[in-house]
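Inspection log for the structure reproduced underneath, given as C-alpha cells.
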Amino acid sequence: MFTPGHVHREQKVDKLNRQAFTCDVYYEVREDPQEGPMLHLRMEGEIDGKPFADECELHRDMAFDFMNALTQIAVRNGFQPRFGPVLREHGEYDAMFRDIREKLGLHPGDPVNLDHLPGA
C-alpha cells in the first residue's frame with residue numbers, strides 16, 4: 001500500500017511465497033550541508049518473525065537506485081532475494097519512484113556524479 005513518503009508491504013508464506021515478511025518503508029528528502037539534497041530511506045518490520053529497523057541515504061543523483069538500497073537493507077536483515085523483490089507490486093514501485101523524482105526535482109537526463117556510485 002503506497003501513500004506519499006510511505007509504502008507498506010506484507011507477504012505471508014503460501015505455495016508461491018517461501019518467506020514471510022512485513023515492512024514499512026518511509027522516505028523523505030533531507031538537506032545535508034555538504035552534500036545537498038539526500039534521499040533518506042528507513043525500513044522497519046519483520047522478516048520470518050524477526051524484527052528489524054535499518055536506514056540509509058542516497059545522493060540526489062543516485063535516488064533512482066532506491067530499490068537496490070532497500071533490497072540491501074532487507075538482505076542484511078534476513079530477506080532472501082531469490083524469493084522475489086521486496087516491492088512486488090509494480091504500481092507501488094512506480095508511485096514511489098514518481099514521488100521521489102517529484103520531491104527531488106529529478107528529470108530524465110539529469111547528470112550522475114560517478115563518485116556517488118557504490119565502490120567508487
Side-chain angles (χ1 to χ4, degrees):
M1 180 178 73
F2 168 82
T3 57
H6 175 236
V7 175
H8 174 78
R9 180 78 175 94
E10 189 170 329
Q11 178 174 289
K12 297 180 190 307
V13 175
D14 62 20
K15 292 179 186 177
L16 300 174
N17 302 309
R18 303 217 173 148
Q19 190 171 36
F21 70 86
T22 302
C23 71
D24 286 286
V25 176
Y26 301 94
Y27 61 93
E28 65 183 350
V29 175
R30 294 184 177 175
E31 190 67 32
D32 182 277
Q34 279 81 35
E35 302 294 332
M38 302 284 287
L39 177 64
H40 181 83
L41 298 165
R42 180 170 51 96
M43 180 187 261
E44 56 188 51
E46 286 187 4
I47 298 175
D48 293 329
K50 180 182 161 198
F52 75 96
D54 205 340
E55 55 192 276
C56 70
E57 286 193 329
L58 298 173
H59 287 91
R60 178 185 180 273
D61 60 330
M62 296 304 296
F64 68 88
D65 202 24
F66 71 92
M67 195 62 221
N68 181 49
L70 293 175
T71 299
Q72 288 179 19
I73 288 172
V75 168
R76 271 196 309 265
N77 288 282
F79 182 73
Q80 300 294 318
R82 70 178 183 267
F83 296 139
V86 174
L87 296 181
R88 282 190 177 179
E89 298 297 321
H90 209 285
E92 291 173 340
Y93 172 85
D94 289 344
M96 188 174 172
F97 190 43
R98 194 170 29 256
D99 189 43
I100 288 170
R101 284 193 326 247
E102 186 177 298
K103 287 178 183 332
L104 287 168
L106 293 171
H107 305 286
D110 283 353
V112 172
N113 181 340
L114 298 180
D115 292 336
H116 295 161
L117 290 170

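Index from 1, following the sequence.
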Side-chain donor-acceptor pairs of residues 65-75 under 3.5 Å, sequence neighbours excluded:
| unit_1 | atom_1 | unit_2 | atom_2 | d |
| --- | --- | --- | --- | --- |
| Asp65 | OD2 | Asn68 | ND2 | 3.4 |
| Thr71 | OG1 | Met67 | O | 2.9 |

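Among residues two or more places apart in sequence or in another chain, the side chain to side chain contact (heavy atoms under 4.5 Å, CB included) test is passed with Arg42 by Tyr26, His40, Glu44, Glu55. The ring-ring contact (aromatic ring centres under 6.0 Å, His included) test applied to Phe21 returns Phe79, not counting sequence neighbours. By the side chain to side chain donor-acceptor pair (under 3.5 Å) test, Arg76 is found to be paired with Asp54, residues two or more places apart in sequence or in another chain being considered. Scored by the salt bridge (charged side-chain N to carboxylate O under 4.0 Å, His left out) test, Arg60 finds Asp110 as partners (sequence neighbours excluded). Checked against salt bridge (charged side-chain N to carboxylate O under 4.0 Å, His left out), Asp99 has the following partners two or more places apart in sequence or in another chain: Lys103. Applying the salt bridge (charged side-chain N to carboxylate O under 4.0 Å, His left out) test to Arg101 and every residue at least two apart in sequence or in another chain returns nothing. Legend: residues meeting salt bridge (charged side-chain N to carboxylate O under 4.0 Å, His left out) with Glu46, ordered by chain and number and at least two apart, are absent. Under the rule for a side chain to side chain contact (heavy atoms under 4.5 Å, CB included), the partners of Glu35 that lie at least two apart in sequence or sit in another chain are Asp32, Met38, His59, His116.
Within the model, atoms CZ of Phe64 and CZ of Phe97 stand 8.5 Å from one another, a figure rounded to the nearest 0.5 Å. One finds the CD atom of Glu10 at 9.5 Å from the CG atom of Asp24 (value rounded to the nearest 0.5 Å). In this structure, CG in Leu58 is found 13.5 Å from OH in Tyr27, a value given to the nearest 0.5 Å. Put simply, CE on Met1 and NE2 on His6 are 6.5 Å apart, with the number rounded to the nearest 0.5 Å. Going from atom CG of Asp61 over to atom CG of Leu114 covers 9.0 Å, rounded to the nearest 0.5 Å.
A donor-acceptor contact shorter than 3.5 Å is absent between the side chain of Gln19 and the backbone of Ile47.
Nearest heavy-atom pair across Leu106 and Ala63 is CD1-CB, 4.0 Å.
In Glu102, the CD atom is not crowded: 12 or fewer heavy atoms of neighbouring residues, nucleotides or ligands sit closer than 6.0 Å.
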Determine whether Asn77 and Met43 satisfy the following criterion, side-chain contact (heavy atoms from CB on, under 4.5 Å), listing intermediate values before the conclusion. CA-CA 10 Å; Asn77 288 282; Met43 180 187 261; over 6 Å; no
